[in-house]
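Along the sequence shown, residues are numbered consecutively beginning with 1.
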Amino acid sequence: MAPAGAVLLLYTDGLVERRRRPLTAGIGQWPLHCGRPRLPVQDLASQVMAALAPSGGYEDDVALVLYRHPPRTYRGRAAVR
């Protein structure tokens with residue numbers, strides 16, 4: 001199980017793929033821009049999009065899905081001692 005607050009990022013290739021650059025270079029770049037994972041997911045998505053944007057803008061469609069694993073909550077009865 002993922003720890004509370006863990007972030008899952010799904011994205012299309014337009015986020016990381018650039019002409020004349022290996023795809024692995026772009027894939028390796030995005031984690032460097034997720035330094036503040038406690039941001040609301042909307043702000044984190046904007047941060048990643050802005051940090052990875054090419055100087056001329058994106059040439060391909062880009063889609064992101066961010067999911068933050070919620071903290072575990074106890075829903076049962078407390079033990080009585």
Side-chain angles (χ1 to χ4, degrees):
M1 181 177 289
V7 175
L8 172 67
L9 170 64
L10 305 173
Y11 55 91
T12 58
D13 63 343
L15 181 67
V16 295
E17 190 174 48
R18 304 290 178 270
R19 291 188 177 142
R20 297 177 292 283
R21 186 179 80 175
L23 182 60
T24 55
I27 292 171
Q29 190 179 22
W30 77 259
L32 303 174
H33 301 287
C34 291
R36 298 180 58 200
R38 295 288 179 213
L39 287 173
V41 290
Q42 298 89 340
D43 295 340
L44 184 56
S46 296
Q47 176 182 321
V48 170
M49 289 284 296
L52 296 179
S55 59
Y58 288 102
E59 296 178 7
D60 195 358
D61 293 340
V62 176
L64 296 179
V65 175
L66 280 150
Y67 168 79
R68 177 170 288 123
H69 192 63
R72 186 172 180 183
T73 57
Y74 181 74
R75 296 182 189 264
R77 294 178 58 183
V80 178
R81 292 185 177 192

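Of all heavy-atom pairs spanning Leu39 and Arg68, the tightest one is O-NH2, 2.7 Å. Residues Ala4 and Pro71 share a closest heavy-atom pair of CB-CA, 3.5 Å. Contact between Arg18 and Tyr58 at its shortest, heavy atoms only, is NH2-CE2, 3.5 Å.
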Could you please spell out the steps behind the side-chain contact (heavy atoms from CB on, under 4.5 Å) verdict for Asp60 and Asp13?
-> CA-CA 8 Å; Asp60 195 358; Asp13 63 343; 3.5 Å; yes

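Note: Tyr11 OH to Glu17 CD = 11.0 Å, rounded to the nearest 0.5 Å. In this structure, CG on Leu9 lies 7.0 Å from CG on Leu15, to the nearest 0.5 angstrom.
Between Leu10 and Tyr67 the shortest side-chain heavy-atom distance does not fall below 4.5 Å.
Linking Ile, Leu, Val, Met, Phe, Trp and Tyr residues whenever their side-chain heavy atoms come within less than 4.5 Å places Ile27 and Leu52 in a single cluster.
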